[in-house]
Protein chains: 2
Amino acid sequence: MNFRQLRYFAAVAEEENIGRAALRLHISQPPLTRQIQQLEDELGVKLLHRTSKGVELTQAGDTLYHEARNILALTAVATERTVKAEQGHLGRLDIAIFGSAILGLIPKTVLEFRNAYPDVNVVLHTMSKPDQIKALRRRQIDIGFNRLLAPHEDITTEVILYEELVIAVNENHPLAKKKDLKFTDLAGEPLILFPSNARPGFIDYAIRICNDAGFSPNITQEVGDAVTGVALVASGFGISIVPRSTTALSLPGVIYRDFEQNKDVAGLDLSCIYRTDNHSQILHNFLQVVRRYAAELEKKS
Amino acid sequence: MNFRQLRYFAAVAEEENIGRAALRLHISQPPLTRQIQQLEDELGVKLLHRTSKGVELTQAGDTLYHEARNILALTAVATERTVKAEQGHLGRLDIAIFGSAILGLIPKTVLEFRNAYPDVNVVLHTMSKPDQIKALRRRQIDIGFNRLLAPHEDITTEVILYEELVIAVNENHPLAKKKDLKFTDLAGEPLILFPSNARPGFIDYAIRICNDAGFSPNITQEVGDAVTGVALVASGFGISIVPRSTTALSLPGVIYRDFEQNKDVAGLDLSCIYRTDNHSQILHNFLQVVRRYAAELEKKS
DNA sequence: TCTATACCATATAAAAAAGGTATGTATACG
DNA sequence: CGTATACATACCTTTTTTATATGGTATAGA
């Protein structure tokens, strides 16, 4: 059995007349007769009653006709889906994010991507930095988002955006009133930093930039994620340095303040990582959405 | 696209190696390479990444692989179902019955047929005699059951069984005590007959056989079906003549009595009708079940 | 760095399949 | 009783598919 025979048979079934079906198929009548005969021989089943005015389906023929329509329709869908898959409109994208990355760019990007590519199944995984690298190599994820990423041989690191650091203080804290906030004003202040569960991370980076500024930070608390950290600021446990995207999280009593001459204060990257040898069109499409969205953010600021 | 290409591609996808797949398919490697290339060209889609150790599926290739498996499986099922349909194991059978035929042979036959041919969809239609003929001609039904059928040119009438007539009387009625019941004993008795909604029917037949016996029947009541008729007998409205199969219906106060020398009293056929040109295997299989069951009944009596 | 090996790709000739034309056969219809 | 219509068959041509032989490329090991 082959597609041609099914296609031919469906035409004959619909026309109930071999000659007319042949006309419709743009072939002559004898080859069509032969193809139907071959189909019957191969199945060992009479599909048509030959009458003087044409043919009519036997019960077996009727059954096969419905099956054939089904198969032919499915085949059309199959090619369609294959082409869609090639264009990155169909498939699956596994994205790794880190805890506090739920804020800001990532959720909006993912949302936009899902709208643009509704047939791509997007799966989000929360993963630490080293786990993201491992999962990429194991091909468990296609792309990961993180900060302060070290370069790897087989993995491309692409900086999506650079975020300035801002300070989160309780509204009752003296620094909340002070203008022209400088980085060195943090000396001696009780610092709350996150995340504490991925090393090397923001904390190590914060220590380094404090040292560069000429003082040792007084880290009183390490927490796992931004929400907890800012919550502690709200409760008056101390102050915190956070990337600007965290300001999307507004808690009562918490005030975010820019540093004076922010350009001089070191900022923080948000990067994504993916296997350099991953030429998936889906990944490519997703990266385009990310880049476009990041460029928009850049323009606004 | 054709089945061969899908079959070949599925093998390549599973082996991840064209040479090995060719071995499995019992063809040499170059034609397989070419078939895959043609498939790719036709779809305009790269299905495989060629590597040094073999091939691996692209996202499009993976998509097509799953579709291909689906189509191939469906095709196998299609041939299976077509053969089953030819053997009368798959399809639909529309049966027409008349009101009181719910008793006796028909339900048991249908049940047995459904057990033997579970993939045949049996649909029962309640229909009067002329409607059955019409529905047969319109191919709305495949077979009808009825009594006292006139012959038709295009329709085969097959007597399934011949039922003797018995009398249904109330236990308090004088005839209930009388032995050696003769047909002429019915003269003057109030008769309840059915069905009243299909002419010519049993009623006309009853009038005729009474006339033949030398008296005019005293028909006091015509009702639509056996259940109502026998219920009236139970209530003492009169007596009734019924085919023996009706005795399956036992109501309090109703006694069924045979006629003496029953052979002489005319009986009643139960026949089935079907289009003479209907060579459906399903119908054939159903008729076999009916005949076997009728033969069993015959043997018992 | 060279060679052996294991792949996939290409070229060509033979075999198989599909298509076309002409003709045959059966049935309905005027 | 001939004509028209529809499917079947015979025979030849064209296209498609396969196998064999050969070439090219990347990897592994000496």
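Lettering of chains follows the sequences in order, A, B, ..., and the numbering in each one begins at 1.
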Within the structure, does a side-chain N or O atom of Asn2(B) lie under 4.0 Å from either OP1 or OP2 of dT17(D)?
yes
Is it the case that Gln29(A) and Thr33(A) place a side-chain donor and acceptor less than 3.5 Å from each other?
yes
When we call it a touch if two heavy atoms are under 4.0 Å apart, what does Arg4(B) touch: a base, just sugar-phosphate, or nothing?
sugar-phosphate
Give a yes or no on whether a salt bridge exists between Arg81(A) and Glu67(B), defined as a side-chain N under 4.0 angstrom from a carboxylate O.
yes
Salt-bridge criterion met for Glu14(A) and Arg24(A) (N-O under 4.0 Å):
yes
CG of Leu93(B) to CZ of Arg114(B), rounded to nearest 0.5 Å, is 10.0 Å
If we count only N and O atoms by modelled type, under 3.5 Å, do the side chains of Arg4(A) and Tyr8(A) hold a donor and an acceptor together?
no
As a test of understanding, state which of Ile97(B), Asp131(B), Ile141(B) forms a side chain to side chain contact (heavy atoms under 4.5 Å, CB included) with His125(B).
Ile141(B)
Measuring to OP1 and OP2 of dA9(C), would you say a side-chain N or O of Thr33(B) lies under 4.0 angstrom away?
yes
Is there a side-chain polar atom (N or O) of Tyr8(A) under 4.0 Å from OP1 or OP2 of dG19(C)?
yes
Under a 4.0 Å heavy-atom cutoff, the residues of residues 53-60 of chain A touching DNA chain C are none
Gln35(A) CD - dG19(C) C1' separation (whole Å)
9 Å
Tell me, which of residues 37-50 of chain B have any heavy atom that sits under 4.0 Å from an atom in DNA chain C?
Gln37(B), Arg50(B)
From CD1 of Ile36(A) over to P of dG19(C), roughly how many Å is that when rounded to an integer?
11 Å
Nucleic acid contacts - residues 9-18 of chain B versus DNA chain C, non-hydrogen atoms under 4.0 Å:
Asn17(B), Ile18(B)
Between the side chains of Glu112(B) and Arg292(B), is the shortest nitrogen-to-carboxylate-oxygen separation below 4.0 Å, so that they form an ion pair?
yes
So for Gln29(A) and dA8(D), does any side-chain atom that can act as donor or acceptor lie under 3.5 Å from a complementary atom in the base?
yes
Phe145(A) ring center near Phe98(A) ring center (under 6.0 Å):
no
Quick one: Ile27(B) CD1 to dT17(D) C1', roughly how many Å, whole number?
10 Å
Just to confirm, is there a sub-4.0 Å distance from OP1 or OP2 of dT27(C) to any side-chain nitrogen or oxygen of Ser52(A)?
no
Whole-Å distance separating the CG atom of Leu32(B) from the P atom of dT10(C)
14 Å
Whole Å only: how far is the CE atom of Met1(B) from the P atom of dT17(D)?
14 Å
Does the side chain of Thr276(B) come under 3.5 Å of the side chain of Thr156(B) through a donor N or O and an acceptor N or O?
yes
Using 4.0 Å as the upper bound for N to carboxylate O, is an ion pair formed by Glu56(A) and Arg50(A)?
no
Taken to the nearest whole Å, NE2/His26(A) to P/dG20(C) is 11 Å
Could you tell me the separation between the CZ atom of Arg34(A) and the P atom of dT21(C), rounded to a whole number of Å?
14 Å
Validation row: Val122(A), Phe286(A) side chains within 4.5 angstrom (heavy atoms):
no
Could you tell me whether Asp277(A) and Arg139(A) make a salt bridge, using a distance below 4.0 angstrom between a side-chain N and a carboxylate O?
yes
